[in-house]
Amino acid sequence: MAVRKNQATLTATEKRNFVSALLELKKSGRYDEFVRTHNEFIMSDSDTGDRVGHRSPSFLPWHRRFLIQFEQELQRVDSSVALPYWDWTADRTTTASIWGPDFLGGTGRSRDSQVTTGPFAYATGKWNINVSVDSRPYLQRELGSAVRQLPTRAEVDSVLAMTTYDMAPWNSASDGFRNNLEGWRGVNLHNRVHVWIGGQMATGVSPNDPVFWLHHCFIDKLWADWQRMHPTSPYLPGGNTADVVDLKDTMRPWNNVTPADMLDHTAHYTYDR
Ligand SMILES: [Cu+2]
């Protein structure tokens, strides 16, 4: 079974294999399907209406299922590959090794924010942005420019300490673990990281940037860490909540998986710690 590791601990070979699998999915067109799906949910999830992927309790199980599906596609290309996670509380500078030319490449150039280093640079011809919000065909980043600091470990710990999974009104106004982790409220964890990276990562087509998977893998790990810290705190709501995915409601787009099915990740993968 796949062990998801901290990206900072990957060997050169593991990095190369992960990148190669990403490029292969991109070439086949399957990668862009994930970008399209994510954007469709970002556009349709609404605080006052139906909400599944974001700004709702199912933010965490939805992304867990989304990442499992993506990881399975990578493993179809190379069965040795697992998603790595990026602990942005530790590797928090624009010069961290995650942004090296042997892995994700660095920030964008000042003129047009175009990423020009690493395997996803436009000039390689292997990473065109096809599912786009502004028709620019190249990956963009502006690391650390729209918000200066990534969340700290102390900020993460303050959110992990919250004992209630989620609260009414089950949206971006909620208190509780889910919304503080998602970032619409409080110290702002997940959302802030998207903004810190900038470029496509700050938009609905954020999976265009491969760092999306490493970011969400760490968010997924934080959910697992939270469950371990609060073993008696259930997913909420338990049932009969309009516009929201209750514990045993199925989630679009799969329609055959519920939050209850996603609570235990160990059938699919484990973490290195
Ligand atoms: Cu996200």
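Note that ligands are numbered from 1 as they come in the structure, with each ligand's atoms numbered from 1 the same way.
- Counting backbone and side-chain atoms alike, His215 contributes no N/O/S atom closer than 2.8 Å to the Cu ion (ligand 1).
- Donor-acceptor pairing under 3.5 Å is lacking for the side chains of Tyr85 and Asp220.
- Glu40 has no carboxylate O lying under 4.0 Å from a charged side-chain N of Arg252, or vice versa, which leaves the two without a salt bridge.
- Taking the six-membered ring where the residue is Trp, His63 and Phe212 present tilted rings, their angle falling between 30° and 60°.
- Here the angle centred on the Cu ion (ligand 1), running from NE2 of His194 over to NE2 of His190, is 90°, rounded to 10°.
- Note on Arg55 versus Asp47: salt bridge recorded, some NZ/NE/NH1/NH2 to OD/OE distance being below 4.0 Å.
- Backbone or side-chain N, O or S atoms of His216 reach the Cu ion (ligand 1) at under 2.8 Å.
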